[in-house]
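Below is one structure, written out as structure tokens, with a few remarks after it.
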Amino acid sequence: MIEIRLNDGSVKNYDKGITIEHIAKDLSSSLAKKSIAGWVNDELYDLNRPILSNSRVTIVTKDDAKAFEVLNHSTAHLMAQAVKRLYPDAQFGVGPAIKEGFYYDIATAHKIGEEDLALIEKEMRKIIQEQTPMSRQVLTRQEALERFENDPFKTELIQELPEDEPISIYTQGEFVDLCRGGHVGNTKHIKFFKLLSIAGAYWRGDSDRGMLQRIYGTSWFTKEALENHLKVLEERKARDHRKLGKELRIFELNRDAGQGLAMWLPNGYTVRKVLEDYVYKLERKAGYKHISTPILGTKRLYEISGHWSHYRENMFPVMHRDGEDFVLRPMSCPHHALVYQSELRSYRDLPIRYAEIVTQHRYEASGALTGLERVRAMTLTDAHLFVREDQIKEEVLAAYNLILTAIQDLGLEIDYVELALRDHDKGKFHDNDALWDLAESMLKSLLEEENIEYIEMVGEAAFYGPKIDIQVRTAMDHVITMSTVQLDFLLPENFDLNYIGNDGEKHRPVVIHRGLISTWERLMSILLEQYKGAFPTWLAPVQIKIIPVNTEAHGTYAKALNDQFIDLDIRSELDLREEKLGYKIREAQTQKIPYQLVIGDEELNNNSVTYRAYGKKEQVTLSLEAFFDFIQAQIRTKK
RNA sequence: GCCGCUUUAGCUCCAACAGGUAGAGCAAUUCCAUGGUAAGGAAGAGGUUGCUGGUUCGACUCCAGUAAGCGGCACCA
């Protein structure tokens with residue numbers, strides 16, 4: 001007999017070798033139905049894995065996040081079995097559960113296409129019908145290596161497992177896989193799944209190694225849950241900024257203009273200009289000085305800054321003229337350093353905060369380019385703060401708070417904050433451990449003092465220093481960097497930047513790189529997705545559409561109204577086309593214009609307006625004065 | 001960059017094609033109609049089927065190459 005301590009603290013005695021399945025049944029039949037796996041002490045057990053000693057047991061039910069993971073992991077195995085039946089030469093890399101499903105990496109001479117997904121699904125259903133048990137066995141390292149001796153992928157994985165780790169394999173019918181578990185115990189538990197896409201993926205995520213074929217899928221406990229998830233995927237597509245950007249005439253990409261080189265259309269540029277003005281004002285208030293420096297610079301400049309040795313691959317190639325090499329600028333720090341250097345600085349001058357709205361060019365890998373999200377020419381407000389060491393904390397914090405203000409004003413949400421640190425890959429990072437330690441500990445203690453939750457990302461730092469990155473999630477569920485604050489002790493060294501201290505001696509300033517809200521391109525992609533194209537009034541390209549009921553009778557009043565709005569800096573447009581009212585309303589709604597004003601006799605006679613807000617059905621009539629106040633308040637409060 | 005897929009009118013499109021040089025809706029144009037909140041009617045027009053080459057009597061259709069786009073992977077100072 002062994003003692004099993006349950007979740008509620010009670011202790012029960014069972015025969016040695018009891019399983020989660022039996023314990024669940026013993027507790028209640030409804031629990032048995034819902035149970036998927038169990039935690040035994042801190043290890044995840046399958047339903048049918050024997051428990052051999054006194055243990056703490058927590059039953060994992062379908063409602064637990066862990067159960068979704070187990071189900072998807074098992075579905076990955078099921079898929080692998082089906083793939084192996086269809087393509088017997090198939091060998092498998094890794095096949096984990098992921099946030100919304102699973103994938104499995106497959107090596108086979110057969111090129112898996114869209115049509116194959118249906119065939120694989122069919123085979124999977126066959127295996128489910130066979131009600132194949134999934135059973136666990138533990139092997140020694142030697143046995144495992146022998147078992148997988150013809151499988152280079154699994155052999156490699158086994159060799160990398162720690163010496164003392166038990167090696168488990170799972171068998172379902174003729175299919176055997178190296179796997180930690182847990183699993184659902186029998187393929188019959190897998191019911192509602194769909195294979196979604198095929199992709200290429202490097203073995204071990206290493207671009208120097210071979211590429212496998214990856215199949216993505218998703219698996220759920222109920223039909224509704226699966227259907228709901230598929231609907232979510234559809235909805236994501238509907239708010240894809242590339243689709244919305246085209247529909248709303250925000251930007252244009254053209255192969256003749258160049259890959260990743262976006263053109264801003266009038267609607268898009270209007271929004272961008274509002275953002276630029278907003279940021280300019282925000283920065284002025286925060287003590288930044290704006291400068292402007294060229295897009296083209298000498299290669300020498302980037303040699304001095306250190307970018308040439310660390311970043312050359314991501315720059316457009318050199319242009320040679322008059323015995324000088326020029327490059328398109330990929331970032332602003334070197335120019336800002338030169339501007340700093342242009343006068344003698346006193347400790348009293350610091351901090352000096354330079355901001356610049358500027359276009360930068362980066363040679364992004366062609367496969368990385370995605371609409372406005374990843375481009376090769378981008379315009380942004382880039383800033384560098386030149387500070388004394390004793391000002392670092394205060395200035396990093398101020399920059400961080402400025403970022404929060406902007407993100408809040410724009411109605412965006414932070415997904416998480418990341419502290420990017422170096423690792424010991426000396427080639428990747430500037431080599432000065434003392435400075436690194438100082439910079440990293442400063443950022444860390446600042447985040448902790450301010451109670452800012454963060455995730456440490458070792459090896460993700462910039463080559464010149466650690467950084468705090470603010471990550472957001474796109475509609476397509478990509479995580480991208482929105483804002484960044486980076487500490488840099490290297491740039492001041494490389495440019496020999498100084499200030500005169502109160503001791504009359506030269507001292508080294510520290511540079512803080514600050515990316516406020518990414519680039520206008522990326523920001524636009526995020527805003528489009530965030531608002532599904534329906535911009536808040538203060539950002540909307542067109543804020544008001546004025547629609548006279550009858551052009552002849554009401555056109556003059558409508559025109560006068562439109563002029564008044566424009567005088568108040570409200571982006572109003574007049575629709576005088578000879579079309580039905582309903583047609584014009586529909587078009588204004590489709591264009592997601594925040595307010596449509598219909599002007600007829602009633603409005604003309606009472607000096608009023610009747611508006612209909614985007615997405616709403618009701619009509620509201622207000623006096624002209626009241627509407628002016630209303631719309632201006634909307635804009636002022638960034639609604 | 002790598003793997004796979006896609007590319008037909010300004011836009012959208014599982015229109016078409018065992019290989020016989022293309023079709024719809026919307027938009028645009030013209031005409032008619034037109035007073036209250038999501039598409040009034042009619043007509044005509046619009047295409048070297050991404051590009052280059054090959055196979056063929058004949059290619060949107062098959063093949064090769066190339067470009068861009070899409071899904072991922074790698075990359076993202």
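Every chain is numbered from 1 and lettered A, B, ... according to where its sequence line falls, protein lines coming before strand lines. Heavy-atom basis, side chains included; hydrogens, waters and symmetry copies ignored.
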* Asked: Do S525(A) and E373(A) get their side chains close enough for a donor-acceptor pair, meaning under 3.5 Å?
  -> no

* Check whether any side-chain nitrogen or oxygen of K111(A) sits under 4.0 Å from OP1 or OP2 of G4(B), and answer yes or no. => yes

* To do: Examine the side chains of D89(A) and T108(A) and answer whether a donor and an acceptor come within less than 3.5 Å of each other.
  => yes

* Positions of residues 585-610 of chain A (non-hydrogen atom under 4.0 Å from RNA chain B), listed by number -> I585(A), R586(A), Q589(A), V598(A), G600(A), D601(A), E602(A), E603(A), T610(A)

* Asked: Can a side chain N or O of Y583(A) be found less than 4.0 Å away from OP1 or OP2 on G41(B)?
  -> no

* If you look at every strand shown and take non-hydrogen atoms under 4.0 Å, does K246(A) touch a base, only sugar-phosphate, or nothing? -> sugar-phosphate

* Do the side chain of R586(A) and the main chain of G582(A) share a donor and acceptor less than 3.5 angstrom apart? -> no

* To do: Using a cut-off of strictly less than 4.0 Å, decide whether R242(A) has a side-chain nitrogen or oxygen near OP1 or OP2 of G71(B).
  => yes

* Asked: Side chain of H73(A), backbone of E69(A): donor and acceptor closer than 3.5 Å?
  -> no

* Hey, is K444(A) close enough to E440(A) for a salt bridge, meaning N to O under 4.0 Å? -> no

* Scan side-chain atoms only and decide if T481(A) and Q471(A) contain a donor-acceptor pair under the 3.5 Å cut-off. => yes

* Asked: In residues 488-496 of chain A, which ones come under 4.0 Å of RNA chain B, going by heavy atoms?
  -> none

* To do: Just call it for R612(A): base, sugar-phosphate, or nothing, with non-hydrogen atoms closer than 4.0 Å on any strand.
  => base

* To do: May I ask you to check whether H384(A) and Y340(A) place their ring centers less than 6.0 Å from one another?
  => no

* Separation of H554(A) atom NE2 from G36(B) atom P, in whole Å? -> 11 Å

* To do: Could you tell me the separation between the CG atom of L233(A) and the P atom of C70(B), rounded to a whole number of Å?
  => 18 Å

* Asked: Where are the stems of RNA chain B, defined as at least 3 consecutive Watson-Crick or wobble G-U pairs with both distances under 3.5 Å?
  -> B:1-7 with B:67-73, B:10-13 with B:23-26, B:29-32 with B:40-43, B:50-54 with B:62-66

* With heavy atoms under 4.0 Å as the rule, sort S366(A) into base, sugar-phosphate or nothing. => base

* Only one of R214(A), Q213(A), M79(A) clears side chain to side chain contact (heavy atoms under 4.5 Å, CB included) with Y104(A); which? -> M79(A)

* Structure fact -> Contacts of E579(A) meeting salt bridge (Lys or Arg N to Asp or Glu O under 4.0 Å) (sequence neighbours excluded), chain-then-number -> none

* Asked: Has the side chain of H241(A) got a donor or acceptor atom that lies under 3.5 Å from a matching backbone atom of L372(A)?
  -> yes

* Asked: Nearest to the side chain of A199(A), which nucleotide is it out of G71(B), G35(B), C73(B)?
  -> G71(B)

* Taking only N and O in the side chain of Q213(A), is any of them less than 4.0 Å away from OP1 or OP2 of C3(B)? -> no

* Distance between the C1' atoms of G69(B) and C11(B), in whole angstroms? -> 16 Å

* Asked: What is the nucleic acid contact for E578(A), judged by heavy atoms within less than 4.0 Å: base, sugar-phosphate only, or nothing?
  -> base

* To do: Using the six-membered ring wherever Trp is involved, compare the ring planes of F153(A) and W203(A) and label them parallel, tilted or perpendicular (cut-offs 30° and 60°).
  => perpendicular

* Can you tell me if N494(A) and Y464(A) form a side-chain donor-acceptor pair at under 3.5 Å? -> no

* Asked: Any chance the rings of F630(A) and Y595(A) have centres within less than 6.0 Å?
  -> yes

* Does R204(A) come within less than 4.0 Å of D206(A), counting only side-chain N to carboxylate O? -> no

* Given the P atoms of U66(B) and G4(B), what is the spacing between them in whole Å? -> 13 Å

* To do: Please determine if a side-chain N or O atom of Y104(A) lies less than 4.0 Å away from the OP1 or OP2 oxygen of G72(B).
  => no

Return the polar atom pairs (N/O with N/O) between nucleotides 45-50 of chain B and the protein under 3.5 Å, or none.
none

* Describe the nucleic acid contact of P548(A) in one word from base, sugar-phosphate, nothing, applying a heavy-atom distance below 4.0 Å. => nothing

Identify the pairs formed between an N or O of the protein and an N or O of nucleotides 74-76 of chain B at a distance under 3.5 Å, and give each distance.
residue, atom, partner, partner atom, Å
A74(B), O2', S207(A), OG, 3.2
C75(B), O2, R374(A), NH2, 2.7
C75(B), N3, R374(A), NH1, 3.3
C75(B), N3, R374(A), NH2, 3.3
C76(B), O2, R374(A), NH1, 2.8

* Asked: Expressed as a whole number of Å, how far does the C1' atom of A22(B) sit from that of G47(B)?
  -> 8 Å

* NA contact type, Y103(A), heavy-atom cut-off 4.0 Å: base, sugar-phosphate, or nothing? -> nothing

* Asked: salt bridge (charged side-chain N to carboxylate O under 4.0 Å, His left out) between R514(A) and D382(A): does it pass, once the steps are laid out?
  -> CA-CA 7 Å; R514(A) 185 236 56 185; D382(A) 200 4; 6.0 Å; no

* Asked: Hey, does A201(A) reach any base, or is it just sugar-phosphate, or nothing, if we go heavy atoms under 4.0 Å?
  -> sugar-phosphate

